[in-house]
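In this chain, residues are counted from 1 in sequence order.
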Amino acid sequence: MKTNNTNIKMKLDTSPKNYGDILIEAKDVEVIFNLRGKKLKALRGAGLVLRSGETLTIVGESGSGKSVLSKTLIGMLDKNGTITNGSILYRGVDLARISREEDWLTIRGKRIAMIFQDPMTALNPLKKIGEQIREVIVMHCGLDARASRTAALEMLEKVGITDPERRYEQYPHEFSGGMRQRVVIATAIACNPEILICDEPTTALDVTIQAQILELIKKLQKDMGLSVLFITHDLGVVAKMADKIAVMYAGQVVEEGSVEEIFYDSRHPYTWALLASLPQLGVKGKELFAIKGTPPSLFKEIQGDAFAPRNPYALQVDFYHEHPLFEISPTHRARTWLLDANAPKVEPPEIVVKLREHLKKTTGR
C-alpha cells in the first residue's frame, strides 16, 4: 500500500509546545526506490521521536538510511522514492500521506527547515546571497521587498556574518566554505522554524570551522527554541551536540537512547563497533579498529539481523529471525537478540569500556 499519494486536508495543530513534548513521531516507515527496474528498500520499518527543544542525532555508516529518513520528514524524496508503509505524525498531520507540493510548502521552510551537507550546491551560484535569503522570506513569510531585505540582513548578522550590507550583494563564490554554510543556515532559519534538520552540515569543512558551525547551531537552538535533528557519521560531533541518539543500520534504527545511555551503556553490537571506530581511541603503532565486511544489499530481502554477517557476537538465531525491539529503560531501546532472557551474557569490547574515561576528559559529559 502506497501512503504518500493521497491528498489530505492540512489541519496543523499550532498550539505552543513545552520542552520535551513530542513534535515528530515516525513509526514503521518503509521507503522503496525504483532503480532501473529493481526495487531498493532504503528504510525498513524505521522510527524515531523528536521532542521540543531537544537535539536528536542520527548516526550510522554511509548507506544506513540517515539522509533518506531526514528527507522523508521534509517531503524531499527523489521522484523514484515512495513511502510504502508507516506514519510520520507532526502536529496532528501524517506527513507520510502528503503528496501535494502546496501542502509541503506550508511546512517545509516555514516550520521544518534543513541545512544540507555541501553549501556550494545548496546555493544558486548565479544569485546574490542576500536575494537568496530574501526570496525564502517572501515565499514563506509574505513580507514585501523592503521588509524582506531588512529581515535578510538581520539573518546574516544573526549567523555571524559581519558587514551584512556588503555581503548581501555578493555571490556564493566570494565566500569561504564556512561562510557559505552560515548563509545556508541563515536561509534555513529565516522564517523561524521550530525544527531544524542538519544533514552532515560540517562534513565539507575543516576542523576549526566545524567547531564554529556546531557552536553556532547550538547558540541558535538556545536563542530560538529550536528542535534539532542532526545527521552525522562523526561520533565526536554526536558527543558534543546530542541529547538523544538514534543508531541506524541497513534502513532501521537498531538502538536509541540518551547520549549517556548510548555512549556509556550501549547494548547493540553495531553501536559497540561504531564506538570502537572512534579515531580518538587509536593507540600509536596499532591499526585503528574497523568494522569488518560491508553492509547488506538493500535490493535483496534481508533475513534475520542485517548486521549478523559482520557481528562477532552473532547468535544462530540472528541469521534466521529478525530481532524485536527490547526496552532497556523508558528512554533506551535496542534491536538485538542479546537482550533476550535466554541469550548468553555478553560484555562490550574492552575498547568501548575504556571510552567513558576518554569522553569525560574530552567532552566533560
Side-chain angles (χ1 to χ4, degrees), residues 11-29 43 45-60 65-75 86-96 98 107-115 185 188-189 191-201 214 217-232 235 237-248 252-266 271 325-335 365:
K11 291 183 179 179
L12 280 176
D13 172 15
T14 57
S15 61
K17 294 284 186 180
N18 297 317
Y19 182 88
D21 288 348
I22 293 176
L23 274 181
I24 287 184
E25 185 172 16
K27 290 183 178 180
D28 301 319
V29 180
L43 295 182
L48 59 77
V49 173
L50 178 64
R51 297 179 179 272
S52 179
E54 290 185 340
T55 297
L56 171 65
T57 304
I58 304 178
V59 299
K66 307 185 300 296
S67 293
V68 173
L69 181 55
S70 66
K71 288 179 180 178
T72 302
L73 300 180
I74 202 170
S87 62
I88 306 169
L89 296 180
Y90 168 66
R91 289 189 167 275
V93 171
D94 186 355
L95 303 182
I98 298 177
I107 296 174
R108 188 196 307 131
K110 192 172 185 179
R111 292 185 169 273
I112 306 176
M114 192 165 187
I115 304 169
I185 294 172
I189 65 168
C191 293
N192 197 32
E194 65 178 346
I195 297 172
L196 185 63
I197 300 175
C198 305
D199 189 0
E200 304 204 38
L214 293 177
I217 292 171
K218 288 175 72 172
K219 183 178 185 301
L220 291 172
Q221 179 183 28
K222 183 179 179 181
D223 293 346
M224 301 176 67
L226 293 167
S227 301
V228 177
L229 182 64
F230 203 103
I231 292 91
T232 185
L235 286 169
V237 171
V238 173
K240 295 176 183 176
M241 296 293 293
D243 296 310
K244 303 286 178 61
I245 299 173
V247 180
M248 287 197 73
Q252 288 184 329
V253 174
V254 297
E255 186 163 9
E256 56 186 316
S258 69
V259 64
E260 288 81 10
E261 287 168 334
I262 298 300
F263 275 99
Y264 300 148
D265 191 30
S266 52
T271 309
L325 188 62
F326 291 94
E327 185 172 295
I328 302 156
S329 77
T331 57
H332 190 188
R333 299 185 297 176
R335 294 179 179 273
R365 299 190 77 155

* To do: List the atom of Ser266, the atom of Thr271, and the distance in Å for their closest heavy-atom pair.
  => CB-CG2, 3.6 Å
* Structure fact -> In terms of heavy-atom contacts, Ser70 and Ile231 come closest through CB-CD1, 3.5 Å
* Structure fact -> Rounded to the nearest 0.5 angstrom, the CZ-CZ distance for Phe326 and Arg335 is 10.5 Å
* With sequence neighbours excluded, what pairs up with Arg91 under the side chain to side chain contact (heavy atoms under 4.5 Å, CB included) test? -> Leu12, Asp13, Ser15, Lys17, Leu23, Arg111, Glu194
* Could you pull out the closest heavy-atom pair between Ile74 and Arg108, with the gap in Å? => O-NE, 3.0 Å
* Run the numbers on Leu43 and Thr72 for side-chain contact (heavy atoms from CB on, under 4.5 Å), then give the verdict. => CA-CA 10 Å; Leu43 295 182; Thr72 302; 4.1 Å; yes
* To do: Check side chain to side chain contact (heavy atoms under 4.5 Å, CB included) between Glu25 and all other residues, then give those that pass, not counting sequence neighbours.
  => Ile22, Lys27, Val49
* side chain to side chain donor-acceptor pair (under 3.5 Å) partners of Ser87, counting only residues at least two apart -> none
* Asked: Taking the side chain as C-beta and beyond, is there a heavy-atom pair between Leu214 and Phe230 under 4.5 Å?
  -> yes
* With a 4.5 Å limit on heavy-atom distance, are the side chains of Ile217 and Met241 in contact? -> yes
* Structure fact -> Sorted by chain and number, sequence neighbours left out, salt bridge (Lys or Arg N to Asp or Glu O under 4.0 Å) with Glu200 holds for none
* From Leu229 CG over to Leu73 CG, what is the distance, rounded to the nearest 0.5 angstrom? -> 6.5 Å
* To do: Kindly indicate whether the side chain of His332, heavy atoms from C-beta on, has any atom under 4.5 Å from the side chain of Ile262.
  => yes
* Structure fact -> Of all heavy-atom pairs linking Gly47 and Val253, the shortest is O-CG2, 3.2 Å
* Spell out, as yes or no, whether a donor-acceptor pair under 3.5 Å connects the side chain of Lys66 to the backbone of Gly60. => yes
* Structure fact -> When every non-hydrogen atom of Gly109 is compared with those of Cys191, the smallest separation belongs to O-CB, 3.8 Å
* Residues in salt bridge (Lys or Arg N to Asp or Glu O under 4.0 Å) with Arg51, at least two apart? -> none
* Structure fact -> CG of Asp265 to CD of Glu255, rounded to nearest 0.5 Å, is 8.5 Å
* Is the backbone N or O of Leu89 less than 3.5 Å from a side-chain atom of Asp94, with the two atoms forming a donor-acceptor pair by type? -> no
* Asked: How long is the span from the CD1 atom in Ile24 to the CG atom in Leu48, to the nearest 0.5 Å?
  -> 7.5 Å
* Structure fact -> side chain to side chain contact (heavy atoms under 4.5 Å, CB included) filter on Ser258, not counting sequence neighbours, yields Lys244, Glu260, Glu261
* Stepwise side-chain hydrogen bond (donor to acceptor under 3.5 Å, both in side chains) check, Ser52 with Asp21 -> CA-CA 5 Å; Ser52 179; Asp21 288 348; over 6 Å; no
* Asked: For Val59, what residues pass the side chain to side chain contact (heavy atoms under 4.5 Å, CB included) criterion, not counting sequence neighbours?
  -> Thr57, Thr232, Leu235, Val238, Ile245, Val247, Leu274
* For the residue pair Pro193 and Ile195, establish whether any side-chain heavy-atom pair is separated by less than 4.5 Å. => no
* **Pairs where residues 217-229 contributes a residue and the test side chain to side chain donor-acceptor pair (under 3.5 Å) is met, not counting sequence neighbours** => Thr55-Gln221, Lys219-Asp223
* Quick one: pull up CG in Leu196 and CD1 in Ile189 and give me the separation to the nearest 0.5 Å. => 8.0 Å
* Asked: Per the side-chain contact (heavy atoms from CB on, under 4.5 Å) rule, which among Val228, Leu50, Ile197 passes with Leu56?
  -> Leu50
